[in-house]
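So the structure is just underneath, and the comments pick up after that.
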Amino acid sequence: MDLKRKLSRLTNAGPGSQARAPVNTVAVAPVVETPAVEARAQDAAVAPIPPVEEAGTTTIAEVLVQALRKRMSMDGEGTDGGQPPETALRTAQAEVADREATRADGLVDLREEARRRFAAKRGGAADGPADPRVEALRQMLSFWAERQGTASARKAVAPAPEPRALPVEARATPHGTVHVAEQVYAPDHRHGSAPVAAALDVEARLVAGLALHPELESVDFTRMLMLDTETTGLAGGTGTVPFLVGLGWFEGRSMRVQQLFLRRMGEEAPMLRLLAERMASSSCLVTYNGKSFDWPLLRTRFVLNRVPVPKELPHLDLLHCARRVFKHRGEGARLVHLESKVLGHHRVGDVDGSQIPELYFRFLRGTDGSELVPVLEHNQKDLLLLAALMGDLVRRFQSEGSEQQDPRDLLGFAQVAERAGDAARALTFAKAAAESGGPVGIEALVLASRLCRRSGDCDTAVAHLQRALTFAKPGQGAVLHLSLTKLYEHSLKDLPRALYHARLAAPVELPEDHQLRLERLERRLSRQGA
């Protein structure tokens with residue numbers, strides 16, 4: 001007979017019945033039905049017994065045993081087969097206990113088998129050596145969990161920054177109210193290793209050569225205007241607004257930094273008119289990427305706000321100078337990068353440029369403006385950096401390599417001087433860069449050879465190339481051999497040497513051209529011998 005049906009009949013809790021046994025957790029487990037238990041169940045079907053009310057019953061087998069006990073206590077009858085009631089009860093309980101123990105052992109075995117199978121699938125038996133890949137992954141996860149916990153703890157104990165008032169004041173001008181922040185830096189103020197006031201000591205001729213703009217030779221750099229903007233985006237166009245215009249100029253040898261701040265949209269006109277007045281009293285603009293970004297953006301804002309566009313000033317864009325001088329470093333020409341690598345100034349707690357637009361938008365949405373204080377400080381440092389970098393670049397260019405400098409920078413200065421038409425300065429820088437040897441030394445000696453050849457000193461030009469061959473690695477001297485071939489053939493008229501170097505220049509020439517060169521040199525040599 002089905003076990004659930006037996007339970008229903010014994011407890012009067014089957015389908016349609018109102019009374020149910022208060023069973024907490026019912027776990028269906030197979031039970032061995034002894035003859036005594038079966039006989040008692042059949043008797044119970046004829047004479048129902050009260051429902052079981054004891055709490056803590058966990059299995060159907062225990063419910064059945066308790067029902068038998070109640071039934072026997074009620075009628076005192078024996079079980080089938082001649083067994084006394086208590087003996088049949090103990091037999092049923094023992095069999096139930098054995099079954100429950102067997103079931104528990106089976107569950108333990110199943111869990112053990114599952115664990116072993118999982119371990120075997122992941123790299124070995126459960127009791128065998130662990131897979132090193134699993135151990136490495138476990139250690140990595142533990143390391144990152146510990147590190148994340150440490151970072152979280154550090155962040156949790158870090159004190160929140162105190163709110164600071166935005167250091168701008170409303171200033172009445174003939175054009176309207178402009179919000180301004182100003183600061184004056186003393187003549188001895190330094191930005192990293194470079195004094196800021198060194199920008200006043202530059203020679204206009206050298207600045208023009210460094211920038212490759214001859215019109216800067218007539219500029220009075222004591223009246224220059226440093227310019228840097230912070231904007232609502234980097235895309236440019238009519239939708240980008242410069243909400244902070246930073247200006248810097250010298251009064252005596254002190255540098256004044258003035259920042260024009262846009263507190264809300266639609267109030268640009270007074271700020272732009274004040275900028276136009278300052279430009280009218282200046283001799284030139286000094287920016288970093290200002291030719292491509294800052295000034296075109298400001299010119300657009302002048303037009304959109306119907307403010308007359310001021311007369312354009314001579315423009316020194318230090319980005320172009322830095323790219324030409326420092327290109328051999330292979331590290332880019334970002335302003336903050338040059339600040340640390342060239343001037344030795346490392347900013348602490350500086351705001352990331354990509355976050356500046358969002359900080360301004362938060363201010364427009366109603367924040368107290370304390371988040372914009374680092375933006376104003378960032379802009380001030382950029383203006384100081386412009387003056388310091390300009391003075392440092394011109395000083396290095398003027399030294400002609402007499403001071404200790406990076407050979408890569410010396411080569412950059414040599415190439416700039418060559419493009420500027422200053423052959424003597426270029427040759428001096430090239431010779432200084434050649435002392436380092438290696439790829440930089442080879443390129444510097446090739447430049448020196450080219451300069452000597454232009455001046456008519458072909459013997460020295462050959463000497464520079466021969467020295468460059470000593471720096472070249474095997475297989476890298478073909479270009480040098482080709483240059484020597486041309487010098488020996490056309491300038492020095494030494495055909496045997498020209499033929500020797502021509503044969504070594506095959507890797508850098510097309511096969512047809514190389515063959516024609518060899519045939520031409522051989523014919524000329526044969527005519528000389530005849």
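In terms of modelled atom types and a separation under 3.5 Å, the side chain of Asn305 and the main chain of Arg301 share a donor-acceptor contact. At least one donor-acceptor pair closer than 3.5 Å links the side chain of Ser193 to the backbone N or O of Leu343. For the pair Thr231 (side chain) and Val241 (backbone), a donor-acceptor distance under 3.5 Å is absent. A donor-acceptor contact shorter than 3.5 Å is absent between the side chain of Asp494 and the backbone of Tyr488. No donor-acceptor pair under 3.5 Å is formed between the side chain of Ser282 and the backbone N or O of Cys284.
Both the sub-6.0 Å distance and the 45° axial angle are satisfied by Arg425 relative to the ring of Phe397. In this structure, Arg223 is not positioned above the aromatic face of Trp249 in the sense of NZ or CZ being under 6.0 Å from the six-membered ring centre and within 45° of the axis.
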Worksheet entry | Derivation and outcome, salt bridge (Lys or Arg N to Asp or Glu O under 4.0 Å), residues Glu522 and Arg520 | CA-CA 5 Å; Glu522 289 173 352; Arg520 183 181 70 249; over 6 Å; no
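A salt bridge does not link Glu217 to Arg205: none of the charged side-chain nitrogens sits closer than 4.0 Å to a carboxylate oxygen. Contact check on Glu489 versus Arg497 returns no salt bridge, with no Lys/Arg side-chain nitrogen under 4.0 Å from an Asp/Glu carboxylate oxygen. Between Asp188 and Arg253, none of the side-chain N atoms (NZ, or NE/NH1/NH2) sits under 4.0 Å from a carboxylate O, so this pair counts as no salt bridge.
Between Tyr360 and Phe261, the ring planes lie perpendicular to each other; the angle is over 60°, past the 30° to 60° tilted range.
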Can I get a per-line list of side-chain donor-acceptor pairs under 3.5 Å for residues 460-472, giving both atom names and the distance, sequence neighbours left out?
| unit_1 | atom_1 | unit_2 | atom_2 | d |
| --- | --- | --- | --- | --- |
| Thr460 | OG1 | Asp457 | OD1 | 2.9 |
| Thr460 | OG1 | Asp457 | OD2 | 2.5 |
| Thr470 | OG1 | Arg467 | O | 2.4 |

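Screening residues 326-351 for ring-ring contact (aromatic ring centres under 6.0 Å, His included) gives His191-His345 as the qualifying pairs, with residues at least two apart or on separate chains.
Between the side chains of Gln259 and Glu182, no donor-acceptor pair of N or O atoms lies under 3.5 Å.
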